[in-house]
Trainee: 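Okay, handing you the structure first.
Just so it is clear, the values below take in all heavy atoms, side chains as well, and ignore hydrogens, waters and symmetry mates. Residue numbers begin at 1 in each chain, while the letters A, B, ... track the order of the sequences.
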There are 2 protein chains.
Amino acid sequence: MVEQTSPQLDAIFHALGDATRRHMLRELARGERTVGQLAEPFAMSLAAASKHVRTLENAGLIRREIRGRTHLCRLEPGPLASANAWLAFYERFWTQHLDALEHALRTEGAHPSKPSRKGDDP
Amino acid sequence: MVEQTSPQLDAIFHALGDATRRHMLRELARGERTVGQLAEPFAMSLAAASKHVRTLENAGLIRREIRGRTHLCRLEPGPLASANAWLAFYERFWTQHLDALEHALRTEGAHPSKPSRKGDDP
DNA sequence: AGTTTGCTCAACCATGCGGTTGAATATAGT
DNA sequence: ACTATATTCAACCGCATGGTTGAGCAAACT
C-alpha cells in the first residue's frame, strides 16, 4: 500500500532533494565507501559532509558499519523502492502523455474525436 | 542522460518531500482542481496552501490556468517522470536485493558460493 | 607514549521553509 | 455601485537546514 501521509517518505524525498546527497548515493551504488571517501569530492568541510551522510542514514537510505575508526557506508535500496512505488502511481500519466503525443504525431490531425476526457470527478 | 547536479531534481524532490504537497498531487491525479479545492482538505490557511501550490508549480509538477478569478491546476507528469528516471538507476539494487532474498529462501543455505561481490572499485 | 587519522559533537551563523495574519487585487454576482 | 468570492502579496514568526569552526575521542601508526 502506498502511504500518503508518511514521515518516511518525507525523509526519503527530502534526502533526495539535495544534489550532494544524490551524488553520495550514486557513489555508494558503486560499492561501499567510508564517510571520508564520500566527503572527498565536495568542496565542504568533513563535518558538513558527515551531516549529509547522517541525513541519508536517518532516511534509511544507507546503513553504516563502524569498523574501528572508519565508518563504512553501504546503500540500502529499500527506501528508494518506496519512493519508486509512490511515483509508480503516476506512471500512467506520463506514459499516457507520451502515448497521446505519439498518437497525435502518428495520426496528424485526422478524425478529431473526443478530446480525451478521462477521470474528472466520478 | 540522468543529470546528477540538477536544480530541477532539487526542486522536484524537495516538492515531493512534503505530505501536503504529495496529497495535492494525488488529488490532481483525479482531475483539475482550483487552488481553493486543493486547499480545502488541510487545516491551514489558504495562503499557506497557496504557497504549496506555488512550490509545486515552480517544480514544474503542475500547471496553472487562470480562469477569471479562479486558478485551475492540472498535473504535469513530466517532472515526475524525471524523478522516476533518476530512481530507475537504482532499480537493479532493490530487485537484486529481492532476488537475493528470494534466492536465499529458495535454496535454504545450499552451495555457499561467492558471497556476491559485485562492483567495488574497478 | 606520543602523534596522526577518521569521524562526530557542539556552538554558531545565515538562509529558507512552513505557517500565520491583514491588506490588496480582480472577478462575479446582486 | 456594492458586496462577496478567489487568490495573491507582504510582513512577520519560529524553527530547520546547510554551512562553518574548534574541540573531543577513539583507533592506528611509529
Trainee: Rounded off to whole Å, could you give me the CG-to-C1' distance for the B:N58 and C:dG18 pair?
Mentor: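 To the nearest whole Å, that distance equals 15 Å.
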Trainee: Is any side-chain heavy atom of B:Y90 closer than 4.5 Å to one of A:L25?
Mentor: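 A side-chain contact under 4.5 Å exists here.
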Trainee: Taking CZ from B:R54 and P from D:dT8, how many angstroms apart are they, rounded to a whole number?
Mentor: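 Atom-to-atom, B:R54 to D:dT8, this comes out as 7 Å.
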Trainee: Go through D:dT20, C:dT20, D:dT8 for me and flag the one nearest to the B:R64 side chain.
Mentor: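 Nearest to the side-chain atoms of B:R64, counting from C-beta on, is D:dT8.
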Trainee: Does B:T70 place a side-chain N or O at less than 4.0 Å from the phosphate oxygens OP1/OP2 of D:dT5?
Mentor: no
Trainee: Distance check needed: D:dT7 C1' versus B:L38 CG, whole Å only.
Mentor: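 Answer to the nearest Å: 13 Å.
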Trainee: Any donor-acceptor pair under 3.5 Å between the side chain of B:R69 and the base of D:dT7?
Mentor: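 In this structure, the two groups form no donor-acceptor pair.
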Trainee: Write down the atom of B:L87, the atom of B:W94, and the distance for their closest heavy-atom approach.
Mentor: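 Scanning both residues completely, I find the closest heavy atoms to be O-CH2, 3.9 Å.
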Trainee: Are OP1 or OP2 of C:dG18 and a side-chain N or O of B:H52 less than 4.0 angstrom apart?
Mentor: no
Trainee: Is there a side-chain contact between A:M44 and A:T20, using heavy atoms and a 4.5 Å cut-off?
Mentor: yes
Trainee: Checking all strands, does B:L46 fall into the base, sugar-phosphate, or nothing category for heavy-atom contacts under 4.0 angstrom?
Mentor: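 Base contact - B:L46 has a heavy atom under 4.0 Å of at least one base atom.
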Trainee: What nucleic acid atoms does A:T34 come within less than 4.0 Å of, heavy atoms only: base, sugar-phosphate, or nothing?
Mentor: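 Result for A:T34 = sugar-phosphate.
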Trainee: Between B:S50 and D:dT7, does any side-chain N or O lie under 4.0 Å from OP1 or OP2?
Mentor: no
Trainee: A:R67 side chain N/O closer than 4.0 Å to the phosphate oxygens (OP1, OP2) of C:dG6?
Mentor: no
Trainee: When the ring planes of A:F13 and B:F13 are compared, do they come out parallel, tilted or perpendicular, using 30° and 60° as the limits?
Mentor: parallel
Trainee: Please report, rounded to the nearest Å, how far the C1' atom of D:dT20 is from the CZ atom of A:F42.
Mentor: 18 Å
Trainee: Reckon B:S45 touches a base, only the sugar-phosphate, or nothing at all at heavy-atom distances under 4.0 Å?
Mentor: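 Base: the residue B:S45, judged by heavy atoms under 4.0 Å, touches a nucleobase.
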Trainee: Is any side-chain N or O of A:H71 closer than 4.0 Å to OP1 or OP2 of C:dG6?
Mentor: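 No, A:H71 has no side-chain N/O under 4.0 Å of OP1/OP2 on C:dG6.
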Trainee: Nearest-Å distance, CD1 (B:I66) to C1' (C:dA26)?
Mentor: 11 Å
Trainee: Could you state the NE2-P distance from A:H14 to C:dG16, rounded to the nearest angstrom?
Mentor: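 Taking atom P of C:dG16 as the reference, NE2 of A:H14 is at 14 Å.
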Trainee: Rounded to the nearest Å, what distance is computed from the CD atom of residue B:Q37 to the C1' atom of nucleotide D:dT5?
Mentor: 14 Å
Trainee: Within a strict 4.5 Å, meaning less than it, do heavy atoms of the B:H52 and B:F42 side chains meet?
Mentor: no
Trainee: To the nearest angstrom, how far is B:D10 atom CG from D:dG18 atom P?
Mentor: 10 Å
Trainee: Looking at the side chain of B:A47, which of D:dC9, C:dG18, C:dA11 is the nearest nucleotide?
Mentor: D:dC9
Trainee: Which comes earlier along DNA chain D counting from the 5' end, the contact point of A:G68 or that of A:A43, where each point is its nearest nucleotide?
Mentor: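 Nearest nucleotide further toward 5': that of A:A43.
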